[in-house]
Amino acid sequence: MAITGSCHCGNVSWELDEAPEWATECNCSLCRRIGAVWAHVDIETVTLNAAHDATFPYIQGAETFALHICRTCGNATHWEPLDAGTDEDAVMAVNLRMADPFVLQALDIRHLDGAETGHYLD
Ligand SMILES: [Zn+2]
């Protein structure tokens, strides 16, 4: 079943072909602040509906990915690698907090130790 999410103002939305196997909460310095719950997915399975200038990218730390934030309502909607290039296995993530609550209620939430080890704690 496809699932969709959108920011509060509706300028940015995404659609996944199917629900992820689990959702991820991460304790890194960025994720813990914004309270996101992520679905990590192959880029090619995501449909993004947003004008190019609808978001601003926040690039931090190792500068390998950009967190995208809606310019209008400030919601953090997704992150993408800065240079996916031709990598067929490139992964991005969408913030499941943008979806209807029942989407998250149906998923197991796993805890990623992004602050220290980069591994799942469960
Ligand atoms: Zn918005």
Side-chain angles (χ1 to χ4, degrees):
M1 184 184 79
I3 62 173
T4 62
S6 86
C7 68
H8 194 260
C9 76
N11 284 353
V12 183
S13 64
W14 48 256
E15 181 175 336
L16 304 180
D17 295 343
E18 52 190 63
E21 289 183 54
W22 67 79
T24 297
E25 275 191 357
C26 174
N27 63 2
C28 84
S29 58
L30 182 53
C31 291
R32 68 181 169 84
R33 284 180 165 84
I34 63 177
V37 180
W38 302 111
H40 297 91
V41 291
D42 291 341
I43 282 182
E44 55 197 26
T45 66
V46 183
T47 303
L48 265 183
N49 298 302
H52 179 69
D53 60 355
T55 64
F56 65 87
Y58 177 64
I59 300 163
Q60 60 117 30
E63 299 185 350
T64 56
F65 68 91
L67 175 70
H68 284 269
I69 295 156
C70 175
R71 287 187 189 275
T72 301
C73 68
N75 288 178
T77 53
H78 62 288
W79 62 254
E80 290 182 296
L82 289 176
D83 184 14
T86 56
D87 182 1
E88 294 177 355
D89 299 322
V91 171
M92 63 177 286
V94 296
N95 185 358
L96 291 166
R97 293 282 189 204
M98 305 297 116
D100 285 332
F102 69 79
V103 171
L104 262 183
Q105 287 166 11
L107 290 171
D108 290 333
I109 294 183
R110 298 186 64 193
H111 295 89
L112 180 65
D113 183 24
E116 295 285 343
T117 64
H119 299 301
Y120 280 97
L121 299 168
D122 46 26

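Only a predicted model underlies this, so the values are computations on that prediction, with no experimental measurement involved. In each ligand, atom 1 is the first atom listed, and ligand 1 is the first ligand listed.
Shortest non-hydrogen contact noted between Trp38 and Leu67 is CH2-CD1, 3.6 Å.
Here Thr4 pairs with Glu15 under the side chain to side chain contact (heavy atoms under 4.5 Å, CB included) rule; sequence neighbours left out. By the salt bridge (charged side-chain N to carboxylate O under 4.0 Å, His left out) test, Arg71 pairs with no residue at all, sequence neighbours left out. In this view, Asp122 and Arg110 satisfy the salt bridge (charged side-chain N to carboxylate O under 4.0 Å, His left out) rule, not counting sequence neighbours.
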Take Val46 and Leu16, measure what side-chain contact (heavy atoms from CB on, under 4.5 Å) needs, and give me the verdict at the end. CA-CA 5 Å; Val46 183; Leu16 304 180; 3.7 Å; yes
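Ring pair Phe65/Trp79 is tilted by interplanar angle, where 30° to 60° counts as tilted.
Near-neighbour remark for the Zn ion (ligand 1): protein N, O or S atoms under 2.8 Å are Cys7 SG, Cys9 SG, Cys70 SG, Cys73 SG; waters not counted.
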